Amino acid sequence: MVPKWTFSEVDKVFSLPFPELMYAAQKEHRKHFNPSEIQVSTLLSIKTGSCPENCAYCPQSAHYNTGLEKKSLSTILEVVAAAKRAKESGSTRFCMGAAWRGPRDQDLKIVCEMVKEVKKLGLETCVTLGLLKDGQANMLKKAGLDFYNHNVDTSEAYYDKIITTRSFKDRLNTLEQIRSAAIKICCGGILGMGETNQDRIKMLMLLANMDTPPESVPINMLMKIPGTPLEHVDDIDPFDFVRTIAVARIMMPTSYIRLSAGREKMSDALQALSFLAGANSIFYGEKLLTAQNPIPEQDHNLFQKLGLKKMVIKAMPTDA
Ligand code: SAM
Ligand code: DTB
Ligand code: SF4
């Protein structure tokens, strides 16, 4: 099959004069979305720390001493209480994350119960549990799961500099399982890990050239966690960050592009530029999984200043 986007095409778009790039991204954004509406998701860590993988950015990896407070699998009651709070604060999607290489079947059964209960509250559901084995995506689909988050994180070429305990192919395999089970895909990456603009373009090409691109594309700015190998890496140039978002919007015009981790350190101006470039989703609430996010009051003020509204999305009832 001929790829939808070639490197030279994307490179040309990436290198446009900044005003032209922003205009092109805005044109695409307005064809498919109301530019004043932002989809809002809330995250909850349902199993924290002691992860056997060595992702160089991650506070939850057992390979690094980040001083994190570890926690075993949450109870269904704890999860439902957090989901209720998220709904009351205006979130439409509840995303549960577990620091596993991948779930064991006995753990997955409990997560499936969590999904069913959260769905009953009228929220969209998302989980991020690591690599999936055959049949596990179907179990989640039966429970009514809407989205599975599994990031490629960076380009295939740069990947080995960041993670060696799971391969890029392992990740693609899990993405295929999710797609085959008819669960929507949430897949993106992290910017600011020392990768080049070429790597950023290649990561976006992989996503946009999928038969069906991810419905949701999280773009995280690296949060430099003390104790991880990326603690002292150089900051990404903010305009390269915004360019990457604009190019993602142009290449995947109907996907939600989420301005994900890292907003806590971003100025209001950088967030506003990211929204203008086509980002139309955020994580809301003072915590991501383990790291800090802007406090709700700060986001409320930002939305007020920019005239942005939270998007209203109702989860479809499941017949599971
Ligand atoms: N263990 C599961 C996995 O890796 O698929 C799920 C949780 S993992 C924390 C989800 C994503 O969070 C990672 O793929 C990465 O993109 C993002 N993430 C983790 N730590 C981060 C950091 N310090 N800065 C930015 N993004 C981060
Ligand atoms: C994603 O791309 N970013 C979120 C979500 N998917 C699961 C997680 C960000 C984690 C940031 C570090 C932490 O909170 O531990
Ligand atoms: Fe584990 Fe996920 Fe963190 Fe990697 S990103 S160390 S797989 S929790």
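Small disclaimer: the values here were computed from a predicted structure and weren't measured. Counting starts at 1 for both ligands and their atoms, following the listed order. What's counted below: heavy atoms across the whole structure, side chains too, no hydrogens, waters or symmetry copies.
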**OP:** Report the part of K224 (side chain from C-beta onward, or backbone N, CA, C, O) that has a heavy atom under 4.0 Å from ligand 1; answer both or neither where that applies.
**Re:** neither

**OP:** Pull out every atom of ligand 1 sitting under 4.0 Å from any heavy atom of W100, numbered as shown with elements.
**Re:** 1 (N)

Original post:
Between L131 and R101, is any pair of side-chain heavy atoms under 4.5 Å apart?
Top reply: yes

**OP:** Provide the closest heavy-atom pair for I245 versus L259 in the form atom of the first, atom of the second, distance.
**Re:** CD1-CD1, 4.0 Å

**OP:** Counting heavy atoms only, name the option from A261, P59, G49 that's nearest to atom 11 (C) of ligand 2.
**Re:** A261

Subject >> Residue pair T228 / C58: nearest heavy atoms and the distance that separates them >> reply: CG2-O, 3.6 Å

Original post:
In the protein, what heavy atom is nearest to atom 5 (C) of ligand 2, and what distance, to one decimal place, separates them?
Top reply: F283 CZ, 3.7 Å

Subject >> Close side-chain approach of E113 and K109, heavy atoms under 4.5 Å >> reply: no

Original post:
How does L289 reach ligand 2, if at all, at less than 4.0 Å between non-hydrogen atoms: by side chain, backbone, both, or neither?
Top reply: both

Subject >> Min N/O separation R171 to ligand 1 under 3.5 Å >> reply: no

**OP:** Answer yes or no: does atom NE2 of H300 have more than 12 heavy-atom neighbours from other residues, nucleotides or ligands under 6.0 Å?
**Re:** no

Original post:
Is Y57 near ligand 2, meaning one of its heavy atoms is under 4.0 Å from it?
Top reply: no

**OP:** Establish, from distance only, whether the side-chain atoms of S216 and R258 form a donor-acceptor pair under 3.5 Å.
**Re:** yes

**OP:** Work out whether the distance between some heavy atom of S260 and some atom of ligand 1 is less than 4.0 Å.
**Re:** no

Original post:
What is the closest protein heavy atom to atom 15 (O) of ligand 2, and at what distance does it sit?
Top reply: T290 OG1, 2.6 Å

Subject >> Heteroatom proximity flag, C58 to ligand 1, N/O under 3.5 Å >> reply: no

Original post:
Should we count OH of Y23 as having more than 12 external heavy atoms under 6.0 Å?
Top reply: no

Subject >> Nearest neighbour in protein (non-hydrogen) for atom 3 (N) of ligand 2 >> reply: N220 OD1, 3.0 Å

Subject >> Heavy atom of the protein closest to atom 6 (N) of ligand 2 (residue, atom name, distance) >> reply: N149 OD1, 3.2 Å

Original post:
Are more than 12 heavy atoms from other residues, nucleotides or ligands located less than 6.0 Å from atom NZ of K133?
Top reply: yes

Subject >> For atom 12 (C) of ligand 2, closest protein heavy-atom neighbour >> reply: A291 CB, 4.0 Å

Original post:
If you measure from CD on E264 to NZ on K287, what distance do you get to the nearest 0.5 Å?
Top reply: 12.5 Å

Subject >> ligand 1-proximal atoms of A98, by part, heavy-atom distance under 4.0 Å >> reply: backbone

**OP:** Work out whether the distance between some heavy atom of E53 and some atom of ligand 1 is less than 4.0 Å.
**Re:** no

Original post:
Taking both backbone and side-chain atoms of D153, is any N or O found less than 3.5 Å from an N or O belonging to ligand 1?
Top reply: yes

**OP:** Could you tell me whether ligand 2 has any atom less than 4.0 Å away from a heavy atom of G188?
**Re:** no

**OP:** Could you tell me whether the side chains of Q177 and N173 share a donor-acceptor contact shorter than 3.5 Å?
**Re:** yes

Original post:
Of the backbone atoms (N, CA, C, O) and the side-chain heavy atoms from C-beta on, which set of L289 has a member under 4.0 Å from an atom of ligand 1: side chain, backbone, both, or neither?
Top reply: side chain

Subject >> Within the protein, residues bringing a heavy atom under 4.0 Å of ligand 3, chain by chain >> reply: C51, E53, C55, Y57, C58, S61, A99, R166

**OP:** Can you measure from CZ (F241) to CD1 (I236) and round to the nearest 0.5 angstrom?
**Re:** 6.5 Å

Original post:
Side chain, backbone, both or neither: which part of T128 comes within less than 4.0 Å of ligand 1 when only heavy atoms are counted?
Top reply: both

Subject >> Spacing of K161 atom NZ and D199 atom CG [to the nearest 0.5 Å] >> reply: 8.5 Å

Original post:
ligand 2 versus I225, non-hydrogen atoms closer than 4.0 Å: side chain, backbone, both, neither?
Top reply: neither

Original post:
Can you name the closest pair of heavy atoms from N220 and A261 and give their distance?
Top reply: OD1-N, 2.9 Å

Original post:
Do M203 and L175 sit in the same hydrophobic cluster, where Ile, Leu, Val, Met, Phe, Trp and Tyr count as joined when their side-chain heavy atoms come under 4.5 Å apart?
Top reply: yes

Original post:
How does R166 reach ligand 1, if at all, at less than 4.0 Å between non-hydrogen atoms: by side chain, backbone, both, or neither?
Top reply: side chain

Subject >> Which residue and heavy atom of the protein sit nearest atom 10 (C) of ligand 1, plus the separation >> reply: N149 OD1, 4.0 Å

**OP:** List the steps, then state whether salt bridge (charged side-chain N to carboxylate O under 4.0 Å, His left out) holds for E176 with R179.
**Re:** CA-CA 5 Å; E176 273 165 29; R179 202 37 107 205; over 6 Å; no

Original post:
Could you state the interatomic distance from OH (Y148) to SG (C187), rounded to the nearest 0.5 Å?
Top reply: 11.5 Å

Original post:
Would you say ligand 1 has an N or O under 3.5 Å from any N or O of Q60?
Top reply: no

Original post:
For F18, does the CZ atom sit with more than 12 other heavy atoms under 6.0 Å from it, leaving out its own atoms?
Top reply: yes

**OP:** Examine ligand 1 and decide if any of its atoms is less than 4.0 Å from a heavy atom belonging to G262.
**Re:** no

